[in-house]
Amino acid sequence: QVQLVESGGGLVQAGGSLRLSCAASGRTGSSYTMGWFRQAPGKEREFVAAISRSVGRTQYADSVKGRFTISRDHVKNTVYLQMNNLKPEDTAIYSCAARLSTVVSVTPQLYNNWGQGTQVTVSS
């Protein structure tokens, strides 16, 4: 099992930036793929970005490509989501998740461990 704790959310104006962090503890030595998902009020959870452990392969939702960057620090057992040029439609609760696999996936049901989420609000 892996425990995940997100931080870094907040209120920002459109065009601004935020960096989310996801600190992992527990069985972090395993080959986990890490993902970020978000859920806006009244909407389903959607994939944002993911990164594999071994080769650092990344994948992004079309809506965030060119604006968001996912990265990981193996020493700190932390995954980051750098969000630039934020838009009001990016407003949501952002959650990180871990999948015990080297294969990146966009499907939330394939992730085994979840953090509690952090709120990101982008004002226009």
Side-chain angles (χ1 to χ4, degrees):
Q1 286 288 338
V2 176
Q3 291 76 46
L4 305 172
V5 178
E6 302 97 333
S7 60
L11 173 63
V12 64
Q13 289 187 333
S17 299
L18 283 174
R19 189 177 80 157
L20 304 183
S21 299
C22 174
S25 60
R27 295 183 59 184
T28 57
S30 302
S31 295
Y32 283 96
T33 286
M34 300 297 295
W36 284 98
F37 293 79
R38 67 186 182 186
Q39 187 167 18
K43 295 187 177 181
E44 292 190 355
R45 178 179 285 168
E46 65 172 353
F47 170 77
V48 176
I51 185 168
S52 66
R53 173 181 174 88
S54 56
V55 297
R57 178 176 176 263
T58 59
Q59 187 168 349
Y60 296 92
D62 288 342
S63 59
V64 306
K65 279 181 182 177
R67 300 188 298 122
F68 290 11
T69 302
I70 188 171
S71 61
R72 65 193 301 169
D73 184 326
H74 291 294
V75 174
K76 296 182 178 180
N77 288 324
T78 300
V79 175
Y80 304 99
L81 185 68
Q82 177 67 44
M83 306 185 295
N84 298 327
N85 190 22
L86 283 161
K87 304 175 181 181
E89 51 264 41
D90 294 319
T91 295
I93 296 174
Y94 285 70
S95 301
C96 69
R99 179 182 185 219
L100 187 54
S101 171
T102 59
V103 179
V104 170
S105 174
V106 305
T107 305
Q109 289 81 2
L110 295 181
Y111 287 77
N112 311 100
N113 302 277
W114 291 82
Q116 82 287 352
T118 185
Q119 177 70 48
V120 171
T121 303
V122 184
S123 62
S124 57

(message) Just checking Gln116: does its CD atom have more than 12 heavy atoms from other residues, nucleotides or ligands closer to it than 6.0 angstrom?
(response) yes

(message) Do Tyr80 and Ile93 land in one hydrophobic cluster if side-chain heavy atoms of ILVMFWY residues count as linked below 4.5 Å?
(response) no

(message) Checking the side chain of Thr107 only, and the main-chain atoms of Gln109 only, is there a donor and an acceptor separated by less than 3.5 Å?
(response) no

(request) State, with a plain yes or no, whether a side-chain heavy atom of Thr91 is found less than 4.5 Å away from one of Gln119. (result) yes

(request) Taking the side chain as every heavy atom from C-beta outward, state whether Val122 and Val120 have any atom pair closer than 4.5 Å. (result) yes

(request) Output the distance between atom CD (Gln59) and atom CD1 (Ile70), rounded to the nearest 0.5 Å. (result) 10.5 Å

(message) Side-chain heavy atoms under 4.5 Å apart, restricted to Ile/Leu/Val/Met/Phe/Trp/Tyr: what other residues fall into the cluster of Phe47, or is it alone?
(response) Phe37, Val106, Tyr111, Trp114

(message) For Ser95 versus Gly117, what's the shortest heavy-atom pair and its separation?
(response) OG-CA, 3.5 Å

(request) Would you name the heavy atoms of Asp73 and Lys76 that are closest together and state the gap between them? (result) OD1-N, 3.1 Å

(message) Which heavy atom of Ala23 sits nearest to which heavy atom of Thr78, and what is that distance?
(response) CA-OG1, 4.0 Å

(message) As an exercise, state the distance from CD of Gln3 to CG of Asn113, rounded to the nearest 0.5 Å.
(response) 7.5 Å

(message) Quick check: closest heavy atoms across Arg99 and Ser105, and the distance to 0.1 Å?
(response) NH1-CB, 3.5 Å

(message) So, taking the atom named OG1 in Thr33 and the one named CG in Leu110, what distance separates them when rounded to the nearest 0.5 Å?
(response) 10.5 Å

(request) Drop me the distance from Met34's CE to Asn77's CG, to the nearest 0.5 angstrom. (result) 9.5 Å

(request) Walk me through it: do Met83 and Val12 pass the test side chain to side chain contact (heavy atoms under 4.5 Å, CB included)? (result) CA-CA 11 Å; Met83 306 185 295; Val12 64; over 6 Å; no

(message) Please report the interatomic distance OG(Ser124) to CD(Glu89), rounded to the nearest 0.5 Å.
(response) 10.0 Å

(request) Mind checking the CG-CZ spacing from Asp90 to Arg38? Nearest 0.5 Å is all I need. (result) 5.0 Å

(request) If a pair satisfies disulfide bond (SG atoms under 2.5 Å apart) and one of its residues is in residues 37-106, list it, with sequence neighbours excluded. (result) Cys22-Cys96

(request) Please report the shortest heavy-atom distance between Leu18 and Gly8, naming the atom on each side. (result) CD2-O, 3.9 Å

(request) Check the hydrophobic clustering (I, L, V, M, F, W, Y; side-chain heavy atoms under 4.5 Å; chains of links allowed) and say if Ile51 and Val104 are grouped together. (result) no

(request) Hey, could you give me each pair passing ring pair (Phe, Tyr, Trp, His ring centres under 6.0 Å) that has a residue in residues 54-77? Not counting sequence neighbours. (result) none

(message) Can you give me the closest heavy-atom contact between Ala49 and Leu81, atom names plus distance?
(response) CB-CD1, 4.2 Å

(message) Please check: side-chain N/O of Thr118 versus main-chain N/O of Glu6, any donor-acceptor pairing under 3.5 Å?
(response) no

(request) Please confirm whether the backbone N or O of Ser52 pairs with a side-chain atom of Arg57, one donor and one acceptor, at under 3.5 Å? (result) no

